[in-house]
Amino acid sequence: CDALATSSEHVPPKCLFPERKDLPYGIDLRKNLLKVPSCDAHNSQKSHDDEYFLYVLSGSFQINEVGRNLYRTKVRRAIRRNSSVLGKIASTATPVSFKDPISENVVNSVAHELDANRFNTMIDRLGRAIYFYHFKEKWAYNIKYQAEFLFATVNQSDEANSRIKEITKQADEWFSNVAYYGENPAVFKYQALEADNSRKIRLHFYEGCKLLLIFNGQQRL
């Protein structure tokens, strides 16, 4: 926003990383968290969006045991403190059976409707922050992204999920030999790649939730 940086913002949000009280003795998953400069206004205003992003990730069946334990502890505490959160989540719950585009297994689960505007805003902020952290410069263009862990369950779901599978396959090839960054890989790690006149970053949350970001702008925002 070009305002004076008066604080530091965790990227990704600190709430995604388990607190020590929720982990076995001696385990620390908040080592050297990544930070970028921020103004106080934007840092404080996004706290509710950070929590929403945590709810989305922790509800995925692709997360590891660290993510599942975070849901059983921190997320459930948050829901108990604010029952309206549970109401909003439950209001869009729909039993589903669908084919996992990665494993090809049929999954019986519950689907929730995504708040697309809120999610897009969160990804835009996250993408710009991690870009600034890694490349040491601002990104002033649009960001293309694919949340590889989100699946469609209605209206051409097979076609949409097949597309996600193809994107994941392509991303696996792009990043097959690219180094990982992040000191708490069970929670978060990322890869960065420069090729074909663009930059690509792939974020990994709880090992199974992957988010592909493509920085190849043509027009300024």
Side-chain angles (χ1 to χ4, degrees), residues 1-18 28-58 67 114-150 167-168 170-172 174-221:
C1 67
D2 292 326
L4 179 66
T6 53
S7 63
S8 294
E9 173 188 354
H10 287 92
V11 50
K14 188 176 181 179
C15 67
L16 302 187
F17 297 82
D28 180 9
L29 292 179
R30 290 188 169 187
K31 299 187 295 293
N32 299 321
L33 301 185
L34 311 185
K35 296 180 181 181
V36 294
S38 175
C39 69
D40 285 337
H42 281 110
N43 201 352
S44 60
Q45 288 175 0
K46 71 182 190 64
S47 59
H48 292 300
D49 289 336
D50 292 347
E51 289 185 355
Y52 181 73
F53 190 51
L54 171 60
Y55 297 152
V56 172
L57 290 173
S58 64
L114 187 73
D115 185 337
N117 289 333
R118 194 173 194 179
F119 189 78
N120 288 338
T121 298
M122 180 67 208
I123 298 305
D124 188 75
R125 290 172 177 167
L126 176 61
R128 294 180 194 285
I130 197 71
Y131 182 95
F132 182 84
Y133 176 85
H134 187 82
F135 293 110
K136 310 305 179 187
E137 62 184 28
K138 290 184 178 181
W139 179 256
Y141 304 92
N142 288 312
I143 302 173
K144 296 180 180 179
Y145 83 86
Q146 177 63 60
E148 301 174 50
F149 57 92
L150 296 181
I167 291 174
T168 294
Q170 179 65 74
D172 286 343
W174 285 337
F175 292 93
S176 60
N177 296 310
V178 178
Y180 290 96
Y181 299 90
E183 295 195 30
N184 307 278
V187 179
F188 171 75
K189 59 186 177 182
Y190 77 91
Q191 298 166 284
L193 176 66
E194 295 188 69
D196 302 325
N197 298 317
S198 69
R199 288 170 168 174
K200 303 176 181 69
I201 297 178
R202 200 182 197 191
L203 312 182
H204 303 251
F205 300 95
Y206 311 117
E207 297 183 306
C209 293
K210 301 173 185 178
L211 178 65
L212 176 65
L213 305 168
I214 298 178
F215 304 84
N216 185 19
Q218 300 298 322
Q219 296 180 343
R220 274 189 182 275
L221 294 178

Write down the atom of [X], the atom of [Y], and the distance for their closest heavy-atom approach.
X      : Y      : answer
Ala171 : Glu148 : CB-OE2, 4.2 Å
Ile201 : Leu203 : CG2-CD2, 3.5 Å
Glu9   : Ser38  : CB-CB, 3.7 Å

Could you work out, with side-chain contact (heavy atoms from CB on, under 4.5 Å) as the rule, every residue matching [X], not counting sequence neighbours?
X      : result
Leu150 : Val56, Leu114, Phe119, Ala147
Lys35  : Ser8, His10
Val178 : Phe175, Gln191, Leu193

key: Arg128 side chain vs Trp139 backbone, donor-acceptor pair below 3.5 Å   =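 The answer is yes, because a donor-acceptor pair under 3.5 Å joins these two groups.
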
Distance-only check: which donor-acceptor pairs under 3.5 Å involve side-chain atoms of residues 206-213, not counting sequence neighbours?
{"from": "Tyr206", "atom 1": "OH", "to": "Leu16", "atom 2": "O", "distance (Å)": "2.6"}
{"from": "Glu207", "atom 1": "OE1", "to": "Asn64", "atom 2": "ND2", "distance (Å)": "2.9"}

Identify, with sequence neighbours excluded, every residue that meets side chain to side chain donor-acceptor pair (under 3.5 Å) alongside [X].
X      : answer
Lys136 : none
Asn120 : Tyr145
Ser198 : Lys200

Nearest 0.5 Å, what's the [atom1]-[atom2] distance between [X] and [Y]?
X      : Y      : atom1 : atom2 : answer
Tyr131 : Phe215 : OH    : CZ    : 7.0 Å
Tyr55  : Cys15  : OH    : SG    : 8.5 Å
Lys144 : Asn216 : NZ    : CG    : 6.0 Å
Phe188 : Leu29  : CZ    : CG    : 14.0 Å
Leu126 : Ile143 : CG    : CD1   : 8.5 Å

key: Derivation of the side-chain contact (heavy atoms from CB on, under 4.5 Å) call for Arg118 and Ile123   = CA-CA 9 Å; Arg118 194 173 194 179; Ile123 298 305; over 6 Å; no

task = Decide yes or no for Arg30 and Asp28: does some side-chain heavy atom of the first lie under 4.5 Å from some side-chain heavy atom of the second?
result =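 Of all side-chain heavy-atom pairs linking Asp28 with Arg30, at least one is under 4.5 Å.
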
message = Any non-hydrogen side-chain atom of Asp172 less than 4.5 Å from a side-chain atom of Arg202?
response =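 Of all side-chain heavy-atom pairs linking Arg202 with Asp172, at least one is under 4.5 Å.
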
Given Tyr181, Tyr180, Phe149, the one that forms ring pair (Phe, Tyr, Trp, His ring centres under 6.0 Å) with His204 =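 Testing each of Tyr181, Tyr180, Phe149 against His204, the sole residue satisfying ring pair (Phe, Tyr, Trp, His ring centres under 6.0 Å) is Tyr180.
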
task = Could I get the full list of ring pair (Phe, Tyr, Trp, His ring centres under 6.0 Å) partners for Phe132, not counting sequence neighbours?
result =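 Ring pair (Phe, Tyr, Trp, His ring centres under 6.0 Å) list for Phe132, sorted by chain: empty.
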
query = Which pairs, with at least one residue in residues 180-195 and sequence neighbours excluded, count as a salt bridge (charged side-chain N to carboxylate O under 4.0 Å, His left out)?
reply =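 Passing the test, one end in residues 180-195: Glu194-Arg199.
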
message = So, using salt bridge (charged side-chain N to carboxylate O under 4.0 Å, His left out) as the criterion, who are the partners of Asp115 when residues are at least two apart?
response =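 Partners of Asp115 under the salt bridge (charged side-chain N to carboxylate O under 4.0 Å, His left out) test: none.
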
message = If the condition is salt bridge (charged side-chain N to carboxylate O under 4.0 Å, His left out), which residues does Lys31 pass it with, not counting sequence neighbours?
response =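 Once residues adjacent in sequence are excluded, Lys31 has no partner under the salt bridge (charged side-chain N to carboxylate O under 4.0 Å, His left out) criterion.
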
key: Charged N-O contact under 4.0 Å between Asp50 and Arg125   =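 Result for this pair is no, no salt bridge flagged.
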
